[in-house]
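To keep things clear, I will list the structure first and then write my remarks on it.
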There are 2 protein chains.
Amino acid sequence: MFAALSSPVRLRILLWLLEPRAHFPEQQDGDLVDDGVCVGFITEKIGLTQPTVSAHMKKLAEAELVTSKRIGNWIFYRPQRKKLKILGNWLLCAADNSSVENSTK
Amino acid sequence: MFAALSSPVRLRILLWLLEPRAHFPEQQDGDLVDDGVCVGFITEKIGLTQPTVSAHMKKLAEAELVTSKRIGNWIFYRPQRKKLKILGNWLLCAADNSSVENSTK
DNA sequence: TATCAATATAGATAACTTTCTATATAGGTT
DNA sequence: AACCTATATAGAAAGTTATCTATATTGATA
């Protein structure tokens, strides 16, 4: 998870996905919030090639920070807010020294 | 910060530093909690060479996840709990950002 | 069925990271 | 001062990651 977040490109994309209406135009075939953002929009905004973006999205998905959903030709990526909250709480917990030594990573 | 945490070795070390009494023997010249843990202890426990550990500690320090303090010959590393809390809260905040949240927990 | 459009996969290359060995530095001790 | 001990820095080799171009896959459409 930290590895997935450690790339500035991926972190930027994830933050965009968390507030899709602030960063992307409306989509015809899928709702920005309910369905996610299509790869084409992300590719255009980040300014890298489409295969590179695909690879980044794969890593975010493997870390379960996003989920994907196909509608027609498009694949929509949506952030997994629950996962981010778990990570946030885990950090707070670790910072407070609450003798939790889990290694479920 | 995420880059610093993305190495399993560094994450492990940081978690040890957060609970030093659970993971290290007492030190003569510095208190495990108040002063931090010396590089020698960390090196022995992680099973890498001393220069490698030094490099890892440098990265953690550059990310301000630890601070260092010299006492005599030793350098003691102590975790920056405040920084971890800031990161944890930032993640929680980012996760909550957008308006609509489907509660499929 | 042939074609198109959106995304994924494969493979190559460059850049970065991790680790090591050897050596330097800085503080303490004799 | 000379030496010892703990940690840092330098430099090289190996492993990993990011990026590209070219191609494959998958679903929609004419």
Side-chain angles (χ1 to χ4, degrees), chain A residues 1-14 16-17 20 24-32 35-63 65-78 105, chain B residues 1-14 16-17 20 24-32 35-63 65-79:
Chain A
M1 231 159 149
F2 285 128
L5 293 170
S6 76
S7 149
V9 165
R10 283 192 296 269
L11 184 56
R12 215 163 147 217
I13 291 173
L14 184 61
W16 290 342
L17 295 188
F24 299 100
E26 267 313 311
Q27 294 170 140
Q28 292 95 325
D29 295 272
D31 183 78
L32 282 176
D35 300 311
V37 181
C38 71
V39 176
F41 279 9
I42 300 168
T43 298
E44 194 178 345
K45 196 172 173 78
I46 200 82
L48 295 168
T49 65
Q50 177 270 313
T52 298
V53 172
S54 254
H56 282 305
M57 298 319 294
K58 190 177 180 181
K59 290 209 169 170
L60 285 171
E62 277 164 2
L65 292 166
V66 303
T67 53
S68 66
K69 165 199 222 171
R70 159 163 247 143
I71 300 179
N73 260 336
W74 293 268
I75 309 253
F76 296 95
Y77 284 94
R78 203 160 49 83
K105 186 178 186 298
Chain B
M1 231 159 153
F2 285 126
L5 294 169
S6 76
S7 149
V9 165
R10 283 191 297 267
L11 185 56
R12 218 164 143 216
I13 291 173
L14 184 60
W16 289 342
L17 296 187
F24 299 100
E26 268 314 309
Q27 295 169 138
Q28 293 94 326
D29 295 273
D31 183 78
L32 282 177
D35 300 312
V37 181
C38 72
V39 176
F41 279 8
I42 301 169
T43 298
E44 195 178 344
K45 195 171 175 81
I46 200 82
L48 294 168
T49 65
Q50 178 269 313
T52 298
V53 172
S54 254
H56 282 306
M57 298 319 293
K58 190 178 181 182
K59 289 207 171 172
L60 284 171
E62 278 165 359
L65 290 167
V66 303
T67 52
S68 65
K69 165 197 223 169
R70 174 182 283 268
I71 300 179
N73 260 337
W74 294 268
I75 307 253
F76 296 95
Y77 283 95
R78 204 160 45 85

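Sequence lines set the chain letters: A, B, ... in the order given, protein chains first and strands last, and positions in each chain run from 1.
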To the nearest Å, give me how far apart [atom1] ([X]) and [atom2] ([N]) are.
X	N	atom1	atom2	answer
A:Leu60	C:dA8	CG	C1'	16 Å
B:Lys58	C:dT19	NZ	C1'	16 Å
B:Ile71	D:dT5	CD1	C1'	16 Å
A:Arg12	D:dA18	CZ	C1'	15 Å
A:Glu62	D:dT17	CD	P	11 Å
A:Lys69	C:dA8	NZ	P	15 Å
A:Met57	D:dT19	CE	C1'	17 Å
B:Ile13	C:dT19	CD1	C1'	13 Å

What nucleotide, of D:dA22, C:dT18, D:dT19, holds the atom closest to the side chain of A:Ala55?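 Between D:dA22, C:dT18, D:dT19, the one nearest the side chain of A:Ala55 would be D:dT19.
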Closest approach to the side chain of A:Pro51, judged atom by atom: which nucleotide of C:dA10, D:dT19, C:dT18 is it?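 Side chain of A:Pro51 sits closest to C:dA10.
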Ignoring backbone atoms, establish whether [X] has a side-chain N or O less than 4.0 Å from OP1 or OP2 of [N].
X	N	answer
A:Thr52	D:dA18	no
A:His56	D:dT17	no
B:Arg10	C:dT18	yes
B:Thr49	C:dT19	no

Do B:Leu60 and B:Tyr77 make a side-chain contact, defined as non-hydrogen atoms from C-beta onward lying under 4.5 Å apart?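 B:Leu60 does not reach B:Tyr77 side chain to side chain.
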Given side chains that start at C-beta, do those of A:Gln27 and A:Phe76 come closer than 4.5 Å, heavy atoms only?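 Yes. Closest side-chain heavy atoms under 4.5 Å.
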What N/O pairs connect the protein and nucleotides 3-7 of chain C at under 3.5 Å? Give each pair on its own line.
from: C:dT7; atom 1: OP1; to: A:Val39; atom 2: N; distance (Å): 3.1
from: C:dT7; atom 1: OP2; to: A:Gly40; atom 2: N; distance (Å): 2.9

Test side-chain contact (heavy atoms from CB on, under 4.5 Å) on A:Met57 and A:Ser68; report intermediate values, then the result. CA-CA 9 Å; A:Met57 298 319 294; A:Ser68 66; over 6 Å; no
Report the relative orientation of the aromatic rings in B:Phe41 and B:Phe24; use parallel for angles under 30°, tilted for 30 to 60°, perpendicular for over 60°.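 Parallel.
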Among A:Leu17, A:Leu11, A:Leu5, find the residue that satisfies the side-chain contact (heavy atoms from CB on, under 4.5 Å) test when tested with A:Leu65.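 The single option meeting the side-chain contact (heavy atoms from CB on, under 4.5 Å) with A:Leu65 is A:Leu5.
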Over all strands shown, is B:Thr43 touching base, sugar-phosphate only, or nothing at heavy-atom distances under 4.0 angstrom?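 B:Thr43: no heavy atom of the nucleic acid under 4.0 Å.
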Of all the heavy-atom pairs spanning A:Val37 and A:Pro20, show the shortest one and how long it is.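 Closest heavy-atom pair between A:Val37 and A:Pro20: CG2-CB, 3.9 Å.
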Are the charged groups of A:Asp35 and A:Lys69 less than 4.0 angstrom apart, N to O?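 Looking at A:Lys69 together with A:Asp35, the answer is yes, because their closest N to O distance falls below 4.0 Å.
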